[in-house]
Structures are given as C-alpha cells and as structure tokens.
Amino acid sequence: MKSNRLQLMSEGNVSRSLFQLGMPMVVSMLITALYNVVDTYFVSGLGKQAVAAVSVAFPISLVFSGIGLTFGAGAGSYISRLLGKKEKEMADRVACVALFSSIGVGIVVAALGLLFLAPVLQFMGGISSILDLAKEYAVIFIISTIFSTANVAAGNLAVAQGASDISLKAMISGAVLNMILDPVCIRFLGMGVRGAAAATLISQIVTSGIYIWFFMSGKSYVKITLSGFKPSVGIYKEILKVGVSMLLLQLLSGLSMSRISAAAGLYGEDAIAAMGIVLRIVTLGTNVVFGYMKGFQPMAGFNYGAKNYVRLKAAIKSCLQWTTGFCIVFTIFIFLFATPVLSLFSDDAQVLAIAVPALRANTIMFFTFGLQFTYSTLYLAIGKALVGGALNICRQGVMFIPVILIFPALWGMNGVIWSQAAADILTSFVTVYFAVRIHRRLEMCE
C-alpha cells in the first residue's frame, strides 16, 4: 500500500499535490530568508559598517549550502526516481551515503575557510575599514555552516521522499529561535556582530537535532543508519551527476555576491551596505520559488521514473503558472513599497539613495524567474544533468559573471545596479530554447 506521500506524487489533482508537497518548503525557505533579513535588521542597529561586514561574509554560507545541495539534491533526484521504480533498498543506501558524505566534506571546507579567512574575506569585497568586523562575524558563522550543510542535505533527502513537512518543522524551529536569539546576543549580551553569528550557530544545532530525531525515530520512509553507509563509484556518480550543478549554482551565487560587493566597494561602505540589504530582500522572493521547486522536483522525478508523462506535463504547467504569478506580484510590491521597506534597515540617506533604485532594478525582470527554475529543476529531476546543470548556473554564473565584470566598467554604480536584470534577460532566452526541446521529447515519449 502506498504511503500518502507517494500518493501525492502519483495520484490526484496535480496543483493540489504540488501545493501539499511544495508549500511546506515554500514556508520554510521563506522563513530562512526572513531570518537572514531579521539578522540584517538587528545588525543595522550597529551601523552601516556592521551591515557591510556581515554582507561581505554572508556569501560564505552559499559554499556550504552548495555542499549540502550537492549531496542532498543530487541524491534526492536519484532517490525520487528509485522510489518511482520501487527500488526502496537502494534508495536507503543512497540517502546514507549522501548525508554522511556532506558532513565530512563540510568539516574539511570549514577548516580551510578558517585557515584562510582574511584572504577569503578580502576577495569577497572586504575593504580595510570593515575587515576586522567581518572576521569577528565569520569565525563563528563558519562553524555554524558545518551544521547547516548537514541540514540542507537532510532536508533534501526528506523532500525527495515527499516528507517536506519535517523540513518545514525543522527550518521554522531554527528560524524562530534565531529571531529570538538575535536581539538577545547582539544587544542584551553586547556581542555585536558576533552575536548574530552565535544566534545562527545555536539555531542550526537545534535544526540538526530535529532531523536526527526524524531519521532515527522510524518516521522516515527512507532509512538512514551508520551501517547503511556503503559508498560506491556508481552511487557517487549518480549523486554528483545532478549535485555538481547545484554546487556550481551556489558557488557562482556566492561569487556573484562577492563581485557585487567588490564592485560596490569602489564607492564605499554605503554602496556595500545598500547592495547587501537589497540582496537579502530579493532573496525573500527567490526562496519562495526555490521552496515550490522542492515540491515539484520529487513529483517530476517520480512520474518520469514511472513513465507517467501526462502527469509530468500537467505538473510543469501548474508550476509555471503559480511561480510566474508569484513573481509578478512580488515585483509589483517591490516597485510600490521599495522606500518604506528599505527604510526598515537604514535611515542613512546615502545608503537609501543607492538601495531604492537597486532594489527595483534587481526585481524588474523577476517575472522570468519561475520560468528559469521550472526547467532547470525539471531537467535535473529527470536525470538530465548536463542541460539541467547548465540552466542552473546560467542566471548567477554564465550570464551574470561577465555582466558584473563589464557593466560597472562602462556605467559605474549604475552598471552594478542593473547587472542582474541583464543576466535575467539573457538567461530567459536560453531557458525558452531548452523548454521547447524537452516538451518535444515528452510528446514523443507518450
């Protein structure tokens, strides 16, 4: 007899099933982005130097979430297809290999990050006036990322079996705790920027505890045990086939943020602080789409594995409609309320003079975001790693990196502000081409 989670992926109304699978992750991803915004809000009380310092260090977290996604999303795509083929025992083994591998790699990379902290922060745009503050924040923050790596991997393994509800509970618990601890650590304990990092560390440890309970309590359909850690070249090949593109996406996202900070750094702390605030707010919108894709991914992988192409196409259509609709609403909201929203984080006139047009410019092409990530997620979910990986790194890598290097040289700070919009336009053209290709392929499969 099928579990309720597998029934959602294989039976019933497609839109309703996608909402049930995806909405818990939408809420959890939104809350994750929200507590990053809350971090910025409380840090802003320490001044624009503190905001700039935290903004410079923040991209480090993307490296570790990339490691978690490499193993978690890579294994998740494989596990969804294995469950569609009713190969439960192999799915268990893949989950064990993915989780324990992510923890090991996370520890090694954290050690390297701490060893070379100063040059890393300088590369990310840490100018001399904020470097010491950035170091204070980054030391504790990097330690917290070891736990966040494991949490990202565990969350993706839960979602792959349709258990997005546990990811919701884990991430909400960590996020709420982080929001409570921010003012306590930053203000009442007088820890400054170190307090923001300490709050993140404690919340990530609590989130890890919830995932451990889930996988150890017997509530998980896919079983994870130490004895199940039996790596093989074949398993790593399947995981990395999809996972490497996720790592590249996060690494390129981190690189793009660091290039934004570096380019903005030529115009001082005001520009770095302004772009840091803008990127945190935009992340609220992107994380909603990412969360919805976490529901779409297992459904797409499961139905492709089960050769249910009619249901797969219905899922694609529904995903496009809902994500594009959200992106349009988010853009309208930003254009109408950019100034009051940004004023929550800074009352500095110079910071706001940069941040307000930058926020609008960063969202003007946001309506294409749902299209871009529906098809990159689709290709990855069905195991087409080359195209899926290329689409995944297109927006923040292949298109954005050249633009952020060229535009500021031509148009100064305006070039920094409009780089994301230009990258979105170029990425959309590429996405449409591959969208047409996959639909033709699915038509032939029916």
* Does the side chain of Asp424 pick up a donor-acceptor pair with the side chain of Thr368 at under 3.5 Å? -> no

* **Polar side chain donor-acceptor pair, Ser318 to Ser15, under 3.5 angstrom** =>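 Per modelled atom types, Ser318 and Ser15 side chains form a pair under 3.5 Å.
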
Is the shortest side-chain heavy-atom distance between [X] and [Y] below 4.5 Å?
X      : Y      : value
Phe123 : Leu255 : yes
Leu18  : Phe296 : yes
Arg259 : Pro408 : no
Asn178 : Val38  : no
Ile103 : Phe147 : no
Ile277 : Leu359 : no
Met124 : Ile60  : yes
Val51  : Ile272 : no

* side chain to side chain contact (heavy atoms under 4.5 Å, CB included) between Thr431 and Cys394: does it pass, once the steps are laid out? -> CA-CA 9 Å; Thr431 303; Cys394 203; over 6 Å; no

From [X] atom [atom1] to [Y] atom [atom2], the distance as rounded to the nearest 0.5 Å:
X      : Y      : atom1 : atom2 : answer
Tyr41  : Leu344 : OH    : CG    : 7.0 Å
Ile107 : Leu112 : CD1   : CG    : 12.0 Å
Thr286 : Ile281 : OG1   : CD1   : 12.0 Å
Ser253 : Ile393 : OG    : CD1   : 10.5 Å
Lys313 : Asn308 : NZ    : CG    : 11.0 Å
Ser217 : Ile166 : OG    : CD1   : 7.5 Å

* Derivation of the side-chain hydrogen bond (donor to acceptor under 3.5 Å, both in side chains) call for Thr207 and Asn151 -> CA-CA 7 Å; Thr207 301; Asn151 293 338; 4.5 Å; no

* Carefully, step by step, assess Lys223 and Glu89 under the rule side chain to side chain contact (heavy atoms under 4.5 Å, CB included). => CA-CA 9 Å; Lys223 306 302 177 186; Glu89 186 176 336; over 6 Å; no

* Asked: Does anything in residues 58-76 pair up under side chain to side chain donor-acceptor pair (under 3.5 Å), and if so which pairs, sequence neighbours excluded?
  -> Ser65-Gln250

* Asked: Which pairs, with at least one residue in residues 321-331 and sequence neighbours excluded, count as a side chain to side chain donor-acceptor pair (under 3.5 Å)?
  ->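 The answer is none; no pair qualifies.
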
* **Tyr292 vs Phe19, ring pair (Phe, Tyr, Trp, His ring centres under 6.0 Å): CA-CA, chis, key distance, verdict** => CA-CA 8 Å; Tyr292 195 80; Phe19 264 84; 5.8 Å; yes

* To do: Just do the side chain to side chain contact (heavy atoms under 4.5 Å, CB included) check on Ser428 and Gln372 with the steps written out, would you?
  => CA-CA 6 Å; Ser428 296; Gln372 294 170 27; 3.4 Å; yes

* For the residue pair Phe366 and Phe330, does the interplanar ring angle fall in the parallel (under 30°), tilted (30 to 60°) or perpendicular (over 60°) class? -> tilted

* To do: Would you please classify the geometry between the Phe141 ring and the Tyr137 ring as parallel, tilted or perpendicular, with 30° and 60° separating the classes?
  =>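 Judged by the thresholds at 30° and 60°, the geometry between Tyr137 and Phe141 is parallel.
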
* **Leu386 atom CG, over 12 foreign heavy atoms within 6.0 Å** => no

* Please check if atom CZ in Phe335 has more than 12 non-hydrogen atoms from other residues, nucleotides or ligands closer than 6.0 Å. =>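 Above 12, so yes.
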
[X] versus [Y], closest heavy-atom pair with distance:
X      : Y      : result
Ala199 : Asp182 : CB-OD1, 3.6 Å
Ala358 : Ile417 : CA-CG2, 3.5 Å
Leu391 : Ser376 : CB-CB, 3.7 Å
Ala421 : Ile364 : CB-CG2, 3.8 Å
Val152 : Asn156 : O-ND2, 2.8 Å
Gly276 : Ser55  : CA-OG, 3.4 Å

* Asked: side chain to side chain contact (heavy atoms under 4.5 Å, CB included) between Asn392 and Phe373: does it pass, once the steps are laid out?
  -> CA-CA 7 Å; Asn392 226 16; Phe373 275 84; 3.5 Å; yes

Quiz: residues 297-307 side-chain donor-acceptor pairs under 3.5 angstrom, not counting sequence neighbours:
unit_1	atom_1	unit_2	atom_2	d
Asn303	ND2	Met9	O	2.7
Asn303	ND2	Met299	O	2.8

* When you measure from the centre of the six-membered ring of Phe58, is the NZ or CZ of Arg280 under 6.0 Å away and within 45° of the axis? ->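 Judged by the rule, Arg280 and Phe58 form a cation-pi pair.
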
State whether the side chain of [X] and the backbone N or O of [Y] hold a donor-acceptor pair below 3.5 Å, judged by distance alone.
X      : Y      : value
Arg194 : Ile140 : no
Thr377 : Thr374 : no
Ser203 : Thr200 : yes

* To do: Would you please name every residue forming a salt bridge (Lys or Arg N to Asp or Glu O under 4.0 Å) with Lys88, sequence neighbours left out?
  => Asp92

* Kindly write out the residues that satisfy ring pair (Phe, Tyr, Trp, His ring centres under 6.0 Å) with Phe434, not counting sequence neighbours, or none if the list is empty. => none

Suppose we screen for side chain to side chain donor-acceptor pair (under 3.5 Å). Which residues come up paired with [X], at least two apart in sequence or across chains?
X      : result
Tyr375 : His439
Gln420 : Gln396
Tyr211 : Ser167

[X]: what forms a side chain to side chain contact (heavy atoms under 4.5 Å, CB included) with it, not counting sequence neighbours?
X      : answer
Val97  : Ser101, Phe229, Pro231, Ile235, Tyr236, Ile239
Leu251 : Val63, Leu247
Ala110 : Phe64, Ile142, Ile146
Leu279 : Met257, Ile260, Asn362

* Under 4.0 Å between a Lys/Arg side-chain N and an Asp/Glu carboxylate O for Glu443 and Arg440? -> no

